[in-house]
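Reviewing the structure listed below.
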Number of protein chains: 4
Amino acid sequence: MSKSTSKRQEAAVQRRQAILDAALEIFAEDGFAAARLDDVAEKAGVAKGTIYLSFKDKEDLFEQLLISAVAPVLDRMEALTGEPELSLDRLLQGLFELFRTQVLGTPRQEVIRLVITEGRRFPRIARIYHREVISKGSEIVRRVAQAAHRRGELSSDELARFPQLVFAPMVLAVIWGSVFSRIEPLDVEGLLAAHRQVLTRTATKRSSRS
Amino acid sequence: MSKSTSKRQEAAVQRRQAILDAALEIFAEDGFAAARLDDVAEKAGVAKGTIYLSFKDKEDLFEQLLISAVAPVLDRMEALTGEPELSLDRLLQGLFELFRTQVLGTPRQEVIRLVITEGRRFPRIARIYHREVISKGSEIVRRVAQAAHRRGELSSDELARFPQLVFAPMVLAVIWGSVFSRIEPLDVEGLLAAHRQVLTRTATKRSSRS
Amino acid sequence: MSKSTSKRQEAAVQRRQAILDAALEIFAEDGFAAARLDDVAEKAGVAKGTIYLSFKDKEDLFEQLLISAVAPVLDRMEALTGEPELSLDRLLQGLFELFRTQVLGTPRQEVIRLVITEGRRFPRIARIYHREVISKGSEIVRRVAQAAHRRGELSSDELARFPQLVFAPMVLAVIWGSVFSRIEPLDVEGLLAAHRQVLTRTATKRSSRS
Amino acid sequence: MSKSTSKRQEAAVQRRQAILDAALEIFAEDGFAAARLDDVAEKAGVAKGTIYLSFKDKEDLFEQLLISAVAPVLDRMEALTGEPELSLDRLLQGLFELFRTQVLGTPRQEVIRLVITEGRRFPRIARIYHREVISKGSEIVRRVAQAAHRRGELSSDELARFPQLVFAPMVLAVIWGSVFSRIEPLDVEGLLAAHRQVLTRTATKRSSRS
DNA sequence: AATGAATGAGGCTTCATTCAT
DNA sequence: GATGAATGAAGCCTCATTCAT
């Protein structure tokens, strides 16, 4: 009859989440090395020692943080995979929409930034991100691009060979937002729309011929 | 012409450069916060105190380092600007060649990485990079893209509005090399060649019609 | 006689004893300062807070532990006192037997070790040990040695003046067991037998003369 | 021509020694675990960080401290070894004199105390002490005791088999000084004199017979 | 009474910066 | 100028103690 999670367990989970949320903010702001756990604790509203109830050390907190942020993005992306014969244009629409609504201006943007800035020094995180996000995203693009190419929708196979080309402007957008946006704001939506046009107009070429 | 640079002054300049070279390696390896001036001094073959003869503090060393790395890239890039009516394809060829030979596998790659990873926390550097590299590079692309569009070589003005689209894969290549290349190597030359095809095929479309 | 000890009270007593037993092991293993109450609680099978129901703080637990370990040894030793005109040899036999069976390889050995290693920083414990064990043991030896001397059984009064000489090898045995036994095992029984021979042969001298 | 030790080197050595001296006092007072390097630094008159110029960490400081204290004692003891056919009585006189003048009331007493109290948790130190002090001291006693036994000077071979019997009262004296002397002072000189009488009187027995 | 999550003071250690030589 | 030993502020982490449940 009893809910399987007691109040105490719930509180613990909430507390853990509060720490993760605070940690994301602090790590994103200062980077791993310069971030202070004091600040994380204060922002999370807990004592310093409390962090160590859930995490072995600073590095563990950082890794758990990034790992815990992978799952949600994934789920969304895999929804896109469902449709079998997706047109490239629809796929790009879906991906960019996902990026706009689920990443831009959200904590997930910070997660990506941290993978970019700290991934080199955290191989485990790089590996997880590659396995769970990069390779799956690439696979979807590759599959759709190949189908489009087969159907004559795409004149060539560049996107099938380098799915990274699809994601490159999103990566740039994240970095720009972090480094240059205060100097020269970037219209990310415009950028992605233009990118989509560039990529799909390629497709239109041959089809316009026929 | 002047003989005013004594041997002693030359030695001082060399020493300063040795420190800058060492600093780039160390900062690139560990990031600003985690880098240790001990390591910089050792790699430069000088005593720790010597660093402070040329640089006010760690932050100053970091900024001088990135600033000193801007000029050379710039010079090269401005050579491209010389030619008045460059075709887009030739521009891309030039830019990618510049990237391949002058950036990939060189210390400049590390400079770009540092701007990406640390730029947020060093607004002065972000501003300098934006002013000296980003805005000038964008301007070149913009100009050539507009001319190509006017000539009907490009069907639309996306690249003129978002020159960043040209650079995005290079940014991605730098990050990939730092984070994921040990997991899945990236054929950067192939990537850039594919990127060029995508961008220029767009141009071909309408011109093939006419 | 009284039925006043309820099951609950019994359980509390048992719990307290479990904590004391666990504490002895942990303190003996790590020393007072390095011992962790977490470990004590775990070994005792209670929660950490439970310790504080019986003991004011870590120091109190430590003192109670050593105090509670004094009584039993005492009782045994006082049994030896009973016999009025004990020969020195018989006394030594008794003492060494007591040491062999009641101390060696038992938790009491650890108690002695703790008095040796921590006594300096716990004057109250030193005082209790001195009053309850040292002075009483010395008194017994002194009395018997004096009687033996008076009877001409002992040629001199060294043992009466320095009863510590009787106990020194036992102290050494405890320390050796803690520090050097893994490097060079010590045959404690042999040591004590040899010690007894040394001490009593002294006694034989004059008696062999007469 | 120049002295091989520069002033700077001398200062460094002196500073290192000051740290070692301070460390001995602090470690002896508080024990390894409870000792604070802040206190060591303050007593040595240096900053906290200075300790780490000479020692890797707290443990290293502790080990170096005890190791550095071995050599001098050793040298003295080996002087005793020189004489080939030492009588037992003369050996004991020598050893006890050495103890009285070189150990009692000196920092070396604290070193021995630390070996006794911390040796269990520092196997390396236990091993070094055993190899450099214990085994050599035992060897000397063993050799002299055997010769004395062979000459009929000693009626039995207990001391040859258990040289520890010779040292036991010294060990006891060190511990007593640390734990009980404030409660009941111990006349260490008297104790050792009595001990010598006990040990040598044993010898007299048979020789008085012959 | 018993629990164990939460607390936060305190210690070890690192490292940017200084300064006497 | 050049050095590198010395400094001490600051951060991570532990653990005795408390307290809400």
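Below, all heavy atoms of this structure are taken into account, side chains as well, without hydrogens, waters or symmetry copies.
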(Q) If I take atom CG in residue B:Leu61 and atom P in nucleotide E:dT17, what distance separates them, rounded to the nearest angstrom? (A) 10 Å
Q: May I have the distance from D:Phe55 (atom CZ) to E:dC12 (atom P), rounded to whole angstrom?
A: 15 Å
(Q) Both C:Lys56 and A:Tyr52 contact DNA chain F. Taking the nearest nucleotide for each, which residue is further toward the 5' end? (A) A:Tyr52
Q: In whole angstrom, give the distance that lies between atom CD of B:Glu42 and atom C1' of F:dA5.
A: 16 Å
Q) Relative to the ring of D:Phe27, is the ring of D:Phe62 parallel (under 30°), tilted (30 to 60°) or perpendicular (over 60°)? A) perpendicular
Q: Using a 4.0 Å heavy-atom cut-off across all strands, classify D:Ala35 as base, sugar-phosphate, or nothing.
A: sugar-phosphate
**Q.** Closest approach of B:Ala44 to B:Ala18 (non-hydrogen atoms, all atoms of both residues)
**A.** CB-O, 3.6 Å
**Q.** CA sep, side-chain torsions, deciding dist, call: B:Glu25, B:Asp21, side-chain contact (heavy atoms from CB on, under 4.5 Å)
**A.** CA-CA 7 Å; B:Glu25 279 194 62; B:Asp21 292 345; 5.9 Å; no
Q: Could you let me know what F:dA20 is paired to, Watson-Crick or G-U wobble, both distances under 3.5 Å, or none if it's on its own?
A: E:dT3
Q | Distance, rounded to the nearest Å, where C:Ile19 contributes CD1 and E:dG4 contributes P | A | 13 Å
Q: Respond yes when some side-chain nitrogen or oxygen of A:Lys58 is under 4.0 Å from OP1 or OP2 of F:dC12, and no when none is.
A: yes
Q.
By nearest heavy atom, map A:Gly49 and D:Asp57 onto DNA chain E; which one lands nearer the 5' end?
A. A:Gly49
Q | 5' priority, DNA chain E, between D:Asp38 and B:Arg36 [closest heavy atom] | A | D:Asp38
Q) Across the strands shown, which category fits C:Leu37 at heavy-atom distances under 4.0 angstrom: base, sugar-phosphate, nothing? A) sugar-phosphate
Q.
When you measure from the side chain of B:Ser68 to the backbone of B:Leu65, do you find a donor-acceptor pair of N or O atoms at a distance under 3.5 Å?
A. yes
Q) Taking CG from D:Leu53 and C1' from E:dT18, how many angstroms apart are they, rounded to a whole number? A) 14 Å
Q | Backbone N/O of C:Glu29 and side chain of D:Arg121: donor-acceptor pair under 3.5 Å | A | yes
Q: Determine: side-chain N/O of B:Arg15 to OP1/OP2 of F:dA2, distance under 4.0 Å, yes or no.
A: yes
Q.
For a quick test of reading the model: is some side-chain N or O of B:Thr50 closer than 4.0 Å to OP1 or OP2 of F:dT3?
A. yes
Q. Starting at the 5' end of DNA chain F and moving along, which residue's nearest nucleotide shows up first, D:Lys48 or B:Gly45?
A. B:Gly45
Q. What is the distance from CZ of D:Phe62 to P of E:dC12, rounded to the nearest Å?
A. 14 Å
